[in-house]
Structures are given as C-alpha cells and as structure tokens.
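Here's the structure we're looking at; comments come further down.
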Amino acid sequence: HNAVLSAKVVNDTIKIAHTKTRDDLFLNLNFKLNKMKREVSQEISLLRSKAAYDKLDRIEVLKEGLAVAEKLNTADLGQLYSSPIYLLGKEALKAELSALQARKNNDPFISGLRELERTLSKLDSIVLNKSEVFVARVDQVARPPGHSTNAKKELVLLLASFFGLVFG
C-alpha cells in the first residue's frame with residue numbers, strides 16, 4: 001500500500017538484477033577469452049614440440065643414411081629424398097645433417113605457427129572492461145504517483161452506485 005516503498009523496491013530489484021547479470025556476463029566472457037588464449041598457446045607449444053621431435057627423428061634418419069652411404073661409398077645420384085635415403089649420397093646427407101644440427105629455431109619451418117601467433121596476439125590485445133558491458137537499459141525508473149489513488153476510490157464507488165441506480 002506504500003507507493004514510495006514499492007517504487008524503491010522495484011528500482012533496487014532492477015539494479016541488483018542488472019549488476020548480477022552484468023557481472024555474470026563479464027565473468028563468462030573473461031573465462032571464454034582466457035580459455036581461447038590457453039588453447040592457442042597449447043597448440044603453439046604442441047607444434048613446437050612436434051617440430052623438435054621431427055627434427056631429432058630426421059637427424060637420426062640422416063645419420064643412418066649417411067652411415068650406409070659411407071659404407072657403400074655412394075655419391076650423389078641426383079635423386080631428391082629418395083628411398084632408400086642413402087642414395088642421396090654422402091655429401092647431400094652430410095649437408096642436410098649439418099644444417100639440421102646447427103638449427104637453433106624450428107619456428108620458421110612449422111606450418112601454421114605464425115597464424116597461431118597472430119591469433120594469440122589478437123586475443124592478448126583484447127581488454128574487457130566491466131563498465132563497458134551493458135545487458136539492459138532502463139528507460140525510466142519506477143516513481144510513486146504524485147497523488148494518492150485511494151482518495152478517489154469512494155468517489156468512484158459513489159458515482160458508480162448512483163449511475164447504476166439511475167440507468168438501471
């Protein structure tokens with residue numbers, strides 16, 4: 001029955017709901033952004049790890065091919081990455097082995113790595129600001145009426161009874 005109190009309760013409830021919804025949305029966005037960053041970082045790490053193992057595997061293949069080529073005393077037969085590998089010849093095998101062992105960084109040889117690094121950089125540049133997250137807009141706050149509606153109740157009942165009797 002208290003219009004001022006009712007308006008205050010409605011306004012406070014809307015404010016609480018708005019704040020809670022905004023905070024939940026912000027936390028959800030922040031969680032998803034951090035999850036995406038972790039996934040891209042993990043993919044970069046996996047690609048780098050795979051490249052390191054691939055390099056070690058290739059070095060072992062080249063060492064074995066070179067050992068066979070030296071025993072057979074094969075020269076370059078003009079074949080590129082032939083199978084068996086020793087047919088590449090001692091000099092080609094030594095050159096590739098030397099280059100692989102001297103390689104300090106595998107990144108330029110990892111397909112898709114630069115694109116993932118750009119994606120991670122873009123994700124890192126995103127800054128979420130809670131004050132810029134809007135979930136609803138209240139056009140007008142609840143206000144109590146300027147005058148009481150209870151005072152006219154008796155007048156309305158009296159007029160309704162009178163016209164009811166007259167027209168009845």
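Index from 1, following the sequence.
The two atoms that bring A69 and G89 nearest to each other are CB-C, 4.4 Å, heavy atoms only. F26 and L128 get closest at one heavy-atom pair: CE1-CB, 3.6 Å. Across all non-hydrogen atoms, the minimal contact from V40 to T119 is CG2-CG2, 4.1 Å. Scanning all heavy atoms of the two residues, the minimum distance from H18 to A136 falls at NE2-O, 3.4 Å.
Between Q101 and K63, some side-chain heavy-atom pair lies under the 4.5 Å cut-off. The closest side-chain heavy-atom distance from N73 to K90 is below 4.5 Å. The shortest distance between side-chain heavy atoms of P108 and R114 falls below 4.5 Å. Here the side chains of E60 and L56 are not in contact, with every heavy-atom distance at 4.5 Å or above. At least one side-chain heavy atom of R103 sits under 4.5 Å from a side-chain heavy atom of N106.
Electrostatic pairing of K122 and D124 does not count as a salt bridge here, judged by no charged N lying under 4.0 Å from a carboxylate O.
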Practice prompt. I would like to know whether K94 and E70 meet side-chain contact (heavy atoms from CB on, under 4.5 Å); could you show each step before the answer?
Written response: CA-CA 10 Å; K94 283 180 187 177; E70 286 178 341; 3.4 Å; yes

Worksheet item: Does the pair K15 and N11 meet the rule for a side-chain contact (heavy atoms from CB on, under 4.5 Å), with working shown?
Response: CA-CA 6 Å; K15 185 177 179 182; N11 289 329; over 6 Å; no

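Within the model, atoms CZ of F109 and CG of L100 stand 8.5 Å from one another, a figure rounded to the nearest 0.5 Å. Atom CG of N105 and atom CD1 of I110 lie 7.5 Å apart (nearest 0.5 Å). Here the straight-line distance linking atom CZ of F162 with atom CZ of F167 works out to 8.5 Å at 0.5 Å rounding. The distance from the OG atom of S98 to the CD1 atom of I59 is 10.0 Å, given to the nearest 0.5 Å.
K130 pairs by the salt bridge (charged side-chain N to carboxylate O under 4.0 Å, His left out) definition with D23, not counting sequence neighbours. Annotation: side-chain contact (heavy atoms from CB on, under 4.5 Å) contacts of N28 (sequence neighbours excluded): K32.
Sorted by first and then second residue, the pairs that involve residues 37-53 and meet side-chain hydrogen bond (donor to acceptor under 3.5 Å, both in side chains), not counting sequence neighbours, are R48-D107, R48-E117, K50-D54.
Side-chain atoms of N34 come within 3.5 Å of backbone N or O of N30 as a donor-acceptor pair.
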